[in-house]
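Take a look at the structure set out below.
Because the structure is a prediction, the values reported are computed rather than measured. By convention in this document, chain letters (A, B, ...) are assigned in the order of the sequence lines, proteins followed by strands, and residues within each chain are numbered from 1. Quick note: numbers below take in every heavy atom, side chains included, and nothing from hydrogens, waters or symmetry partners.
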There are 2 protein chains.
Amino acid sequence: MAYRETEKMRQRKAQARQRIIDCTYECVANGGFRSARITRIAGLAGVATGTIYRHFESREDLFAEIFRTATQREVDKVAEALDTNGDAAVRLEAALRQFAERALRGPMMAWALIAEPVDPKLEEERLVYRRAYAQLFEKAIRNGINEGCIPDQDARQSSTSLVGAIAESLVGPLSPTLAGQITIADIDKNKLVDSIIRFCMQGLTGTRR
Amino acid sequence: MAYRETEKMRQRKAQARQRIIDCTYECVANGGFRSARITRIAGLAGVATGTIYRHFESREDLFAEIFRTATQREVDKVAEALDTNGDAAVRLEAALRQFAERALRGPMMAWALIAEPVDPKLEEERLVYRRAYAQLFEKAIRNGINEGCIPDQDARQSSTSLVGAIAESLVGPLSPTLAGQITIADIDKNKLVDSIIRFCMQGLTGTRR
DNA sequence: ACAAGAAATGAATAATGATTCACTGCTTAT
DNA sequence: ATAAGCAGTGAATCATTATTCATTTCTTGT
């Protein structure tokens with residue numbers, strides 16, 4: 001037994017793995033999952049295609065990891081915004097804003113995560129994460145109901161609707177530009193975010209704004 | 001010039017075309033677009049695979065036609081519900097109910113139209129139709145604002161949010177059952193529809209219900 | 001320096017279905 | 001009945017990429 005995995009090797013492998021992840025991320029942020037080719041990723045990462053498969057079971061698996069990591073980052077940001085001071089309604093508003101603004105700041109990745117048609121395995125991940133958002137909102141809504149700043153309602157239903165309303169409002173602006181379509185630069189992001197939030201908060205509080 | 005297309009032939013071709021459409025519809029209503037194979041459709045329609053291509057440019061084209069037809073039918077139903085008596089808020093509520101109830105009645109087709117991951121060409125169709133729904137709602141909201149039964153607001157934004165809220169609320173229940181998931185039979189459809197509508201109308205009117 | 005084993009390589013393979021097209025067989029007008 | 005021309009056929013082809021795996025290169029302990 002002449003060869004033994006050493007710390008140096010472990011690190012080198014970890015680095016390669018990370019490089020693959022980073023390059024996949026870049027590809028996805030650039031054109032979505034569908035257009036991210038294994039050969040391209042390998043090329044960017046400076047490894048052979050076969051090497052990808054020493055680090056990930058399959059393309060789907062690699063994508064699933066990217067999807068999870070990227071989405072978790074967003075979920076965490078929303079959770080963070082929900083964890084600040086103020087009453088539940090204020091915190092919810094901050095969270096919705098965080099969600100929308102971050103999406104508009106990285107539109108292609110946001111589109112890939114929210115709306116790009118993907119294979120069943122990724123679609124499953126997506127449903128999981130949509131539920132994760134909804135659960136965060138749901139909890140905040142319940143807090144609000146207890147605090148009295150949000151009227152009593154079906155918190156689960158409302159949270160689902162919030163996720164849908166934001167996602168739908170963003171899908172148009174986020175969708176990769178087809179010929180002659182409105183681009184993201186053309187719209188007033190602040191206005192968009194404000195109007196999304198107005199509807200959401202009104203739906204939640206039953207109070208006109 | 002011995003052969004000339006005659007009325008009889010024209011009809012026979014039209015029938016074959018219709019049969020292909022019907023069978024495609026059936027396949028899609030049964031497992032969505034992705035699983036609908038040309039060979040299967042041809043088999044059901046009682047024609048050779050090649051014959052499909054005498055009637056449609058490509059699989060995508062065939063699907064696009066099915067998509068348009070099926071969605072237009074739904075859009076029309078919603079338009080119909082918006083065209084009844086009562087104030088704008090009442091009519092909007094009826095339309096939302098129509099949308100949700102019909103989707104739950106034909107869940108697989110609804111899923112295929114609303115949420116199934118599809119190729120870019122179909123995705124484009126989908127965006128068109130989502131806008132079609134939104135435009136119907138938008139118009140009704142404007143009516144409501146003029147009538148005074150809906151407070152002044154960004155009608156376009158609100159209509160988009162409505163589409164998103166309904167779609168998202170339905171996606172879970174509509175999604176083809178994966179192992180151990182809740183089935184559509186398990187949920188109380190009426191309750192679901194009611195709670196969706198409550199949120200939507202509250203968001204619209206800013207009035208608790 | 002060497003042998004043992006692990007990692008990396010990337011050209012070749014595999015798998016999947018849509019699409020084609022050379023051919024068969026109808027329909028029609030004469 | 002015949003010939004011209006169109007419709008129908010479906011096995012073979014094509015196209016696309018993810019994935020494999022025999023080979024090469026590198027790392028390690030002696």
Side-chain angles (χ1 to χ4, degrees), chain A residues 1-21 23-24 27-28 30-67 116-122, chain B residues 1-21 23-24 27-28 30-67 116-122:
Chain A
M1 24 92 221
Y3 179 91
R4 267 283 202 69
E5 182 180 69
T6 181
E7 186 52 30
K8 177 184 150 199
M9 267 293 112
R10 231 188 314 279
Q11 285 194 354
R12 195 185 286 182
K13 277 202 281 177
Q15 279 174 9
R17 187 187 156 92
Q18 193 53 48
R19 228 168 37 248
I20 291 167
I21 289 176
C23 294
T24 306
C27 282
V28 173
N30 215 51
F33 288 100
R34 184 185 291 252
S35 78
R37 307 265 161 261
I38 288 291
T39 48
R40 167 109 178 105
I41 292 166
L44 283 177
V47 298
T49 59
T51 305
I52 304 272
Y53 291 88
R54 308 196 122 266
H55 293 278
F56 300 91
E57 277 286 312
S58 66
R59 184 177 114 116
E60 260 196 334
D61 260 49
L62 168 58
F63 283 1
E65 173 144 350
I66 301 303
F67 191 99
E116 183 186 8
V118 293
D119 288 357
K121 190 166 185 177
L122 276 195
Chain B
M1 29 94 219
Y3 178 90
R4 267 283 202 67
E5 181 178 70
T6 180
E7 186 51 33
K8 178 185 150 199
M9 266 293 112
R10 229 188 316 278
Q11 285 194 355
R12 195 186 288 182
K13 276 201 282 178
Q15 279 173 9
R17 187 189 156 91
Q18 193 54 48
R19 228 167 38 248
I20 291 167
I21 289 176
C23 294
T24 306
C27 282
V28 173
N30 216 52
F33 287 100
R34 184 185 291 251
S35 79
R37 307 264 161 262
I38 288 290
T39 48
R40 167 109 179 106
I41 293 166
L44 283 176
V47 298
T49 59
T51 305
I52 304 271
Y53 290 87
R54 305 196 130 267
H55 292 279
F56 300 90
E57 277 286 312
S58 66
R59 185 177 114 117
E60 259 194 335
D61 259 50
L62 169 58
F63 283 0
E65 173 143 350
I66 301 304
F67 192 99
E116 183 185 8
V118 294
D119 288 358
K121 191 166 185 175
L122 277 195

- prompt: Would you call B/Q15 and B/Q18 a side-chain contact if the rule is heavy atoms closer than 4.5 Å?
  reply: no
message: What is the distance, to the nearest angstrom, from the CZ atom on A/F33 to the P atom on D/dT17?
response: 18 Å
- request: Output the single nucleotide from D/dT9, C/dA8, C/dA29 whose closest atom is nearest the side chain of B/R54.
  value: D/dT9
Atom-pair distance (CZ on B/F56; C1' on C/dT20), nearest Å: 18 Å
Along DNA chain C (nearest heavy atom to each residue), the more 5'-positioned of B/R37 and A/E5: A/E5
- line: To the nearest angstrom, the OH-P distance between A/Y53 and C/dA11 comes to 16 Å
- request: Measure the distance from CZ on B/F63 to C1' on C/dT19 and round it to the nearest whole Å.
  value: 14 Å
message: Expressed as a whole number of angstroms, how long is the span from A/H55:NE2 to C/dA7:C1'?
response: 9 Å
message: What's the closest nucleotide to the side chain of B/A2 if the choices are D/dT9, C/dT28, C/dG10?
response: C/dT28
- request: Check the distance between C/dT27's C1' and B/K8's NZ and give it to me in whole angstrom.
  value: 7 Å
- prompt: Heavy atoms under 4.0 Å, any strand shown: does B/T6 hit a base, just sugar-phosphate, or nothing?
  reply: sugar-phosphate
query: Just wondering, do B/D119 and A/R34 contact through their side chains at under 4.5 Å, heavy atoms?
result: yes
message: Any non-hydrogen side-chain atom of A/Q11 less than 4.5 Å from a side-chain atom of A/K8?
response: no
message: If you only use heavy atoms from C-beta on, which nucleotide in C/dT20, C/dA11, D/dT9 is closest to the side chain of A/T49?
response: C/dA11
message: Testing B/I38, B/L44, B/I52, B/I41 one by one against B/T24 for a side-chain contact (heavy atoms from CB on, under 4.5 Å), which residue passes?
response: B/I41
query: Among the nucleotides D/dG8, C/dA18, D/dC26, which one has an atom lying closest to any side-chain atom of A/R12?
result: D/dC26
query: Taking CE from B/M9 and C1' from C/dA29, how many angstroms apart are they, rounded to a whole number?
result: 15 Å
task: State whether B/K13 places a side-chain N or O below 4.0 Å from either non-bridging phosphate oxygen (OP1 or OP2) of D/dG8.
output: no
field: Selection from C/dA8, C/dT28, C/dT19 that lies nearest to any side-chain heavy atom of B/R59
entry: C/dT19
message: Is it the case that the side chain of A/S35 and the backbone of A/G31 share a donor-acceptor pair, with hydrogens and angles ignored and the cut-off at 3.5 Å?
response: yes
task: Quickly work out the B/R40 CZ to C/dA18 P distance and round it to whole Å.
output: 13 Å
